[in-house]
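Proteins get letters first, then strands, A, B, ... in listed order; numbering begins at 1 in each.
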There are 2 protein chains.
Amino acid sequence: MNAPVFKNRDCGSCPIRHQAICSRCEPDELAYLDSIKYYRSYEAGQPVVWAGDPMDFVATVVVGVASLTQTMEDGRTQMIGLLLPSDFLGRPGRETVRYDVNAVTDLTLCCFRRKPFEELLRTTPHIGQRLLEKTLDELDAAREWMLVLGRKRAREKIASLLAIIARRESSLQQLSSPDGFEFLLPLTREAMADYLGLTLETVSRQMSALRRDGIIRLEGNRRVRVPDYARLTAETGDDSDGGVAA
Amino acid sequence: MNAPVFKNRDCGSCPIRHQAICSRCEPDELAYLDSIKYYRSYEAGQPVVWAGDPMDFVATVVVGVASLTQTMEDGRTQMIGLLLPSDFLGRPGRETVRYDVNAVTDLTLCCFRRKPFEELLRTTPHIGQRLLEKTLDELDAAREWMLVLGRKRAREKIASLLAIIARRESSLQQLSSPDGFEFLLPLTREAMADYLGLTLETVSRQMSALRRDGIIRLEGNRRVRVPDYARLTAETGDDSDGGVAA
DNA sequence: TTCCGCGATTGACATGGATCAAGGCGTCGA
DNA sequence: TCGACGCCTTGATCCATGTCAATCGCGGAA
């Protein structure tokens with residue numbers, strides 16, 4: 001689990017740079033970022049940090065998927081965020097994390113020690129602005145998810161999750177292709193359940209139902225083929241088309 | 001529905017200034033803010049903006065409560081945020097809003113036209129930093145709410161809502177008083193249901209149950225007396241004490 | 001004072017998803 | 001090749017909450 005591709009100290013080589021917090025940096029700013037950054041890798045299933053632990057770095061996801069999870073005293077658990085490549089992890093100005101962070105798949109993070117990063121935030125408006133934008137995007141996503149968790153039925157929840165992952169993994173062109181498209185689901189049934197506020201049995205049943213109804217086809221447990229993206233979004237219950245036209 | 005107290009052009013008179021985005025501004029920055037700000041007032045129940053509408057201002061809540069609400073195509077509705085005094089409304093850099101904004105109680109906003117505010121954001125790091133902090137706080141709150149919506153039972157949801165409002169409305173000292181404390185619930189049973197992902201009947205039943213069990217006392221429909229804050233937080237299912245000690 | 005209407009309460013019943021339980025399928029190591 | 005384990009599927013049953021409906025009670029208008 002190394003990340004040999006990114007071992008050189010050059011943000012320009014980073015495949016997710018154009019979407020990450022450094023996307024609008026000047027060369028000298030990039031050089032400073034390079035000087036304080038380092039990579040960390042985790043295997044699927046490994047913890048990154050536990051709720052309440054000190055976290056002395058912030059990071060951008062480079063490869064893989066990380067989850068943010070909260071747990072109740074009796075063990076009930078809710079995934080409250082899914083971080084995909086280019087997403088930002090950590091909170092400047094706070095010493096400890098409030099929720100568990102786990103590697104869902106094999107994961108590579110581009111890390112910055114928190115103190116120098118906070119200093120950079122103070123001196124470099126670009127970064128702060130970009131971070132604000134990404135935080136506002138995350139807030140929008142969290143609010144969209146509140147509708148999913150609070151009001152959608154199991155089938156709609158599953159469809160919403162599949163549509164969201166499909167949108168992040170596929171191009172607009174692929175989504176609207178008449179032949180459909182396919183993608184790899186990075187989550188187990190249990191992780192899907194944790195994200196959707198369901199049990200894994202319900203997730204399994206609804207996946208089977210969507211398969212029976214021709215909304216999706218499954219090749220193995222993880223590979224999902226969507227013959228018609230519009231039919232999938234129609235199952236989400238949302239009143240817009242879920243962002244393809246918008 | 002005017003806001004005579006705030007009619008003078010002086011942010012220093014604003015009772016929520018110390019928590020709002022302008023809390024760290026220099027005198028000259030405050031003067032600029034003063035020059036572009038204006039107040040708007042709404043009566044309880046009035047819409048502020050509808051989802052999809054253009055919104056040419058951003059604002060801070062000065063008095064009252066505003067709600068952010070999303071609606072599905074069949075009319076199911078989910079409140080995705082509750083804005084109390086000092087909370088920020090609007091998104092710099094975006095022309096339209098994604099969800100309905102309503103005045104839950106009589107409401108006064110301190111508004112800034114969006115373009116000048118964005119300009120200010122570019123030139124005044126304080127404001128951007130403060131806005132980032134407030135956005136990160138909102139994101140934390142949204143994520144906490146995802147746990148409420150996804151995993152808590154009806155009784156725990158109600159207790160969580162009461163505890164959150166109690167914390168925002170009362171001082172630490174009041175919360176830990178041996179005589180208990182009381183507060184005014186700014187929401188109807190239906191609004192509570194919309195926020196909690198429940199029906200109003202379930203809200204009503206669980207409020208009655210909490211009353212029967214002595215967790216709360218009700219004087220009328222809105223006035224809530226909490227004889228023992230610890231007993232209330234014990235009903236939320238959270239593993240921490242909900243923030244009093246923390 | 002009476003009536004009216006809205007919000008809240010309460011009851012009876014329906015149901016979606018949880019829970020408990022059994023078994024299938026594919027992969028990996030011996 | 002086989003067994004074991006992890007992950008998933010499916011079935012039977014239960015229960016928390018939704019749904020539908022009746023009634024209450026307060027505050028405002030006539």
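- When the P atom of D/dT10 is taken as reference, atom CG of A/N221 falls 11 Å away, rounded to whole Å.
- Closest heavy-atom contact between A/R167 and A/L175: CG-CD1, 3.9 Å.
- Below the 3.5 angstrom threshold, one finds no donor paired with an acceptor across the side chain of A/R76 and the base of C/dT19.
- When rounded to the nearest whole Å, the span between CZ of B/R151 and P of C/dG17 equals 13 Å.
- Between A/D137 and B/R91, at least one side-chain N (NZ, or NE/NH1/NH2) sits under 4.0 Å from a carboxylate O, which counts as a salt bridge.
- In terms of phosphate contacts, A/S204 brings no side-chain nitrogen or oxygen within less than 4.0 Å of OP1 or OP2 of D/dC8.
- Counting non-hydrogen atoms under 4.0 angstrom, A/G197 reaches the backbone sugars and phosphates but no base.
- At the phosphate of D/dT9, OP1 or OP2 sits under 4.0 Å from a side-chain N or O atom of A/R189.
- In terms of phosphate contacts, B/T188 brings no side-chain nitrogen or oxygen within less than 4.0 Å of OP1 or OP2 of C/dG7.
- Checked by atom type and distance alone, the side chain of B/R76 never pairs as donor or acceptor with a backbone atom of A/L147 at under 3.5 Å.
- Nearest-nucleotide positions on DNA chain D for A/R153 and A/R212 put A/R212 closer to the 5' end.
- Side-chain N/O atoms of B/S208 and B/R211 include a donor and acceptor closer than 3.5 Å.
- Ion pairing between A/K152 and A/D238 holds under the 4.0 Å rule for side-chain N and carboxylate O.
- One interatomic measurement links the two molecules: CD1 of A/I158 to P of D/dC8, which rounds to 12 Å at whole-angstrom precision.
- Contact annotation: side chain of A/R205 to base of C/dT19, donor-acceptor pair present below 3.5 Å.
- In this structure, CZ of A/R211 is placed 13 Å from P of D/dC8, rounded to the nearest angstrom.
- In this structure, A/T199 does not reach the C/dT19 phosphate: none of its side-chain N or O atoms is under 4.0 Å from OP1 or OP2.
- Put simply, CZ on B/R222 is 12 Å from C1' on C/dC6, counting in whole angstrom units.
- Distance A/E219 CD to C/dC25 P: 18 Å, rounded to the nearest Å.
- At a threshold of 4.0 angstrom between heavy atoms, the contacts of B/L198 are confined to the sugar-phosphate backbone, with no base atom among them.
- In this structure, the CG atom of B/L218 is 15 Å from the C1' atom of D/dG25, given to the nearest Å.
- Side-chain N/O atoms of A/E190 and base N/O atoms of D/dC8 include no donor-acceptor pair closer than 3.5 Å.
- Atom pair B/E201:CD and C/dA8:P shows a separation of 12 Å (rounding to whole Å applied).
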